[in-house]
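Below is one structure, written out as structure tokens; comments come after it.
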Amino acid sequence: MIFQDLLKGYTRKNVLASSIMKIDLSKAYDTVDSQFMEAMLSQLCFPSRFINWIMTCLKGTKYHLLMNDDLVLFSKGNLNSVKIIQEAFTKICNATGLSANKAKSQIFFGRVKDDIKLKILELVQIEEETFPLKYLGVNLRTTKWKASKGKKENRSKLHLASWEKVCLLKKLGGIGFREGKKWNKALIAKYLWAISSKQDNLWVKWINSIYLKGQSIWSYQSKQDTSWYFKKLLNIRVSTSKSSLSLVVIGKKFSASKYYNRTEWLSKLKNGSGKYIGRSLSKISATGVRQLSKASKTE
């Protein structure tokens with residue numbers, strides 16, 4: 001999310017020219033001859049299944065996603081700034097033995113003029129790429145993702161179970177699937193609690209430094225240049241509070257599952273009338289009725 005904040009408005013017209021270099025660091029297994037390795041393991045009489053595992057790790061790209069081997073460098077979008085960044089990176093490589101895999105490295109530009117681009121590309125000798133920027137398997141954009149406006153596909157006429165029933169908690173007689181929007185809200189609430197409880201981590205410090213600046217998260221007013229993800233986080237303050245979040249904290253750990261379950265229970269109650277929204281409580285299991293009654297009294 002810090003990365004997303006850094007990319008915010010990167011290509012806007014009113015921002016300074018900038019560049020991002022995503023450097024792929026060469027690793028030992030980048031230079032391994034896979035055929036030689038397979039032949040050697042076979043000659044040493046390793047089991048064929050073990051050899052297949054090793055070769056999958058050496059050849060497969062998914063295995064390498066678990067390793068953070070990308071270095072992201074931010075600089076101003078001019079030749080002198082990029083030169084300074086490159087010189088610093090060269091010193092790091094000389095001191096550590098690391099090197100850049102230029103074939104897999106990329107550079108991104110924001111509001112950089114074409115003639116300056118050409119000079120920078122000639123200097124760094126890596127390919128230009130366009131946003132979104134993929135980092136740790138996640139596509140990051142300079143603007144918020146927009147839903148596609150494609151045509152709706154023909155839906156099957158199968159008689160499916162009500163999504164309301166499918167997502168109902170098992171204790172209430174349902175299957176226990178989590179509803180996407182509500183589960184997403186529970187996960188966002190976890191970040192809200194982290195800020196509210198002033199947890200000691202880099203992201204909370206970043207939020208306090210960039211946005212809050214000493215203010216309480218509960219009184220902070222969103223601004224026009226606030227990142228879209230932080231606006232989403234601020235929006236859920238309407239339906240929750242610090243005290244309600246504290247009810248699902250076990251020790252010092254916030255439980256998104258308990259938050260989801262608790263809000264699910266409360267959403268099924270209607271003024272304590274014993275009526276479940278959309279159907280009567282008589283259609284819910286006996287255990288579910290007791291749980292709902294107990295939740296109603298404690299709330």
Side-chain angles (χ1 to χ4, degrees), residues 1-40 54-146 202-203 206 210 227-229:
M1 286 186 283
I2 293 177
F3 203 160
Q4 184 64 70
D5 273 326
L6 292 172
L7 288 181
K8 181 183 62 182
Y10 211 76
T11 54
R12 288 179 183 171
K13 293 182 180 180
N14 60 343
V15 298
L16 296 174
S18 307
S19 69
I20 302 175
M21 284 188 285
K22 181 186 174 188
I23 307 298
D24 183 272
L25 299 174
S26 294
K27 303 164 289 294
Y29 54 73
D30 283 337
T31 58
V32 172
D33 187 325
S34 58
Q35 291 183 342
F36 170 79
M37 178 63 73
E38 187 172 11
M40 183 187 70
I54 297 298
M55 299 315 299
T56 299
C57 291
L58 287 176
K59 296 178 181 179
T61 55
K62 291 184 179 180
Y63 170 78
H64 301 319
L65 287 177
L66 298 174
M67 306 183 68
N68 184 8
D69 55 1
D70 289 328
L71 177 64
V72 181
L73 304 172
F74 294 82
S75 74
K76 294 180 180 179
N78 58 65
L79 187 61
N80 187 52
S81 295
V82 175
K83 278 184 179 179
I84 294 173
I85 292 291
Q86 189 176 45
E87 288 171 2
F89 177 66
T90 300
K91 289 180 180 179
I92 293 173
C93 290
N94 292 337
T96 61
L98 294 172
S99 62
N101 184 346
K102 292 190 175 182
K104 295 182 180 179
S105 299
Q106 302 165 332
I107 186 167
F108 298 78
F109 294 106
R111 310 304 300 171
V112 178
K113 295 181 180 179
D114 290 339
D115 57 330
I116 303 298
K117 275 187 186 181
L118 292 174
K119 292 179 181 179
I120 292 175
L121 289 171
E122 185 178 357
L123 172 68
V124 298
Q125 295 294 303
I126 59 178
E127 289 188 5
E128 178 186 359
E129 189 56 84
T130 57
F131 293 101
L133 185 157
K134 193 168 187 176
Y135 185 69
L136 296 178
V138 179
N139 287 324
L140 301 173
R141 293 171 55 94
T142 58
T143 56
K144 184 178 178 181
W145 287 95
K146 295 181 179 179
L202 178 61
W203 179 72
W206 171 269
I210 299 299
S227 285
W228 64 267
Y229 81 84

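Under the rule for a side chain to side chain contact (heavy atoms under 4.5 Å, CB included), the partners of Leu121 that lie at least two apart in sequence or sit in another chain are Ile107, Phe109, Glu128. Looking at residues two or more places apart in sequence or on another chain, you find a side chain to side chain contact (heavy atoms under 4.5 Å, CB included) between Lys119 and Leu79.
Atom-to-atom distance recorded for Gln86:CD and Ser75:OG is 10.5 Å, nearest 0.5 angstrom. From Ser19, atom OG reaches atom CD1 of Ile85 across 8.0 Å, with rounding to the nearest 0.5 Å. For the atom pair CG (Asp24) and OG (Ser99), the distance works out to 9.5 Å, reported to the nearest 0.5 Å. Atom-to-atom distance recorded for Lys83:NZ and Asn78:CG is 10.5 Å, nearest 0.5 angstrom. Expressed to the nearest 0.5 Å, how far CZ of Arg111 lies from CD1 of Ile116 amounts to 14.0 Å. If you take CD1 on Ile126 and CD1 on Ile120, they are separated by 10.5 Å, rounding to the nearest 0.5 Å.
Remark: side-chain polar atoms of Ser18 are paired, donor with acceptor, to backbone N or O of Leu16 under 3.5 angstrom.
By the 4.5 Å heavy-atom criterion applied to side chains, Thr130 and Phe108 are not counted as neighbours. A heavy-atom distance below 4.5 Å is not found between the side chains of Gln106 and Glu127. Within the 4.5 Å cutoff, no side-chain heavy atoms of Val72 are placed close to those of Met21. Under the 4.5 Å side-chain criterion, counting only non-hydrogen atoms from C-beta, Ile20 is not in contact with Leu73.
For NZ of Lys76, the number of neighbouring non-hydrogen atoms (other residues, nucleotides, ligands) closer than 6.0 Å is 12 at most.
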